[in-house]
Number of protein chains: 2
Amino acid sequence: MKNATIDLPSLPRQRLGDQIADVLRQQILLGQLPPGKNIPERETAAALGVSRTPLREGLLVLEAEGLVEMSPSKSPVVANPTFVEVSNLLLVQSALEGLAGECACDEASEGEIDKIEDMHKMMLANVQEPDQIKFFQIDMAFHEAIVASTKNASLIKTHKQYHSRLWRVRFLSARHRAARDKAMIDHGRIVEGLRLRDKEQVSSEMREHLRRAIDNIRIVFAEEETSTAGNG
Amino acid sequence: MKNATIDLPSLPRQRLGDQIADVLRQQILLGQLPPGKNIPERETAAALGVSRTPLREGLLVLEAEGLVEMSPSKSPVVANPTFVEVSNLLLVQSALEGLAGECACDEASEGEIDKIEDMHKMMLANVQEPDQIKFFQIDMAFHEAIVASTKNASLIKTHKQYHSRLWRVRFLSARHRAARDKAMIDHGRIVEGLRLRDKEQVSSEMREHLRRAIDNIRIVFAEEETSTAGNG
DNA sequence: GACCTTTAGTTGGTATACCAAATATGGGTC
DNA sequence: GACCCATATTTGGTATACCAACTAAAGGTC
């Protein structure tokens, strides 16, 4: 096993547990720690070059976020949500982004809207590129930027957590060209509404954008169903 | 100091850290641990009859919920949110409850709506009682019951967290008779909409109900301002 | 040969011990 | 007498050690 020690700054600017949570969260989002994977405490702590105490604190953070499930006498495990659970998550996220759209019309500066529009244009330029990761990352940044422009710290934090839990499945969904095309249409209307500061339009477009995503994700789960059935 | 040891079941059915989080959360909500109060780890652990490790895990839970703030080399402290922060929390909660109202129209059973209506009637019977705590507790249970009827686990959990953070300030707000009267009107429309399964009505009533609460809470902060100014 | 029992090993849960940073306090100096 | 520096104490952060529950495997019995 390669020694995956994370770099420890001599001055602990941040709690080690939070840094560990960040590292593990990245690994989960990127699929290096796939859903269902065990995360034994001793082994993982040794691999990261830390003790069990901060590792455990990091795992508890991820458990609170819903990315990891812990149960007594069993190794913590990367969450593997069902379609219904993901659907529920998307509903909540749609409500959060609906609010974000409304607040952004009040709070976003022109400069922030400029940057949001830039992201939209960059996505348009990449919509037919084979490099899906780039497209997807800008997609996520687009949504994050709108939420950030509301300056509502609670909204930003809660949205970020749902973002993490939905990252993987939305990434799988973004592989479909049709889903990307639909997303671009929605994004265009959102940017347009932001320019006009039209709360009603932006709010409902963002809300419905995510609700439509549920259908795309149903396809992803159906594919996974057939592929796992083929393996068994 | 009285020994406030919590009862430890010989079989740890639940993680000790979570139990500790529950105990401290109750104490914060009830004002036994008022905003700004220090929660030193060693002292508190000793008072609860546990070691620092699980106490710390409990504190981290409360920090994630926003009820406690932790910073290096300083005792954890009970959060003391500003009006702007509370206002932001209420906006998010309004979005969550708006979604809950919509989903409840689809998912709530007739029996669940019966219980929700019972709570409403019980509040009507207590609206002019001096026992504000009882009125307030039913008020909170009323909102919780509607959210629970959606069967959306993520929504329930996130709503519960915001519920905790808003508990104290909403309790202070509920002392005002005018606020209670207004609440009863809103609740009546909500129950009516639930019976009719009118998503649009229930959703917008619940959303606006909480947004109106912002004004009541502004009054609470104004009062606190003057009272602290008087003390200084 | 199959099933039950026991035991060894692994897991997470908790307590304790150690460390470093920050702070408050007391003594010394100007 | 006031201000500065050194030190002792208290804080949270981390590592380690211990424990109880669960699991799985091996050996004995029917």
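Here is the naming used below: chain letters follow the sequence lines, and residue numbers restart at 1 for every chain.
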R15(B) CZ to dA21(D) C1': how many Å, rounded?
15 Å
Where each residue is assigned the nucleotide of DNA chain C containing its nearest heavy atom, which of P40(A) and S73(B) is assigned the position nearer the 5′ end?
P40(A)
Distance-only polar pair, side chains of Y162(B) and T158(A), donor-acceptor under 3.5 Å
yes
Considering only heavy atoms and no angle criterion, is a donor-acceptor pair shorter than 3.5 Å present between the side chain of R42(B) and the base of dG12(D)?
yes
Taking CG from L48(B) and P from dA15(C), how many angstroms apart are they, rounded to a whole number?
11 Å
Using whole Å, report how far CZ of R52(A) lies from P of dC19(D).
14 Å
Does this structure show an ion pair linking R165(A) with E85(A), if we count only N-O contacts that are shorter than 4.0 Å?
no
Regarding T53(A), tell me which of base, sugar-phosphate or nothing describes its non-hydrogen contacts under 4.0 Å with the strands shown.
base
Under 4.0 Å, heavy atom to any atom of DNA chain D: which of residues 56-65 of chain A qualify?
none
Taking NZ, NE, NH1 and NH2 as the nitrogens, is one of them in D118(B) or K115(B) under 4.0 Å from a carboxylate oxygen of the other?
no
Please give, in whole Å, the distance from dA15(C) C1' to L16(B) CG?
11 Å
Tell me whether the OP1 or OP2 atom of dG12(C) has a side-chain N or O from S75(A) closer than 4.0 Å.
yes
Look at the aromatic rings of W167(A) and F136(A) and report parallel, tilted or perpendicular, splitting at 30° and 60°.
perpendicular
Distance-only donor-acceptor check, side chains E223(A) and H176(A), under 3.5 Å
yes
Just the rounded figure in Å: distance from C1' of dG13(D) to CD of Q14(A).
13 Å
In plain terms, say whether R207(B) and E102(A) are close enough for a salt bridge, that is, a side-chain N and a carboxylate O under 4.0 Å apart.
no
In terms of side-chain heavy atoms of E41(A), which of dG13(C), dC18(C), dT11(D) is nearest?
dG13(C)
Here the distance between atom P of dG9(C) and atom CD of E43(A), to the nearest Å, is 18 Å
Between P of dT23(D) and NZ of K74(A), the distance in whole Å
6 Å
Please collect all ring pair (Phe, Tyr, Trp, His ring centres under 6.0 Å) contacts where either partner lies in residues 41-83 of chain B, sequence neighbours excluded, each pair once.
F83(B)-F221(B)
Rounded to the Å, how far apart are I39(A) CD1 and dT11(C) C1'?
15 Å
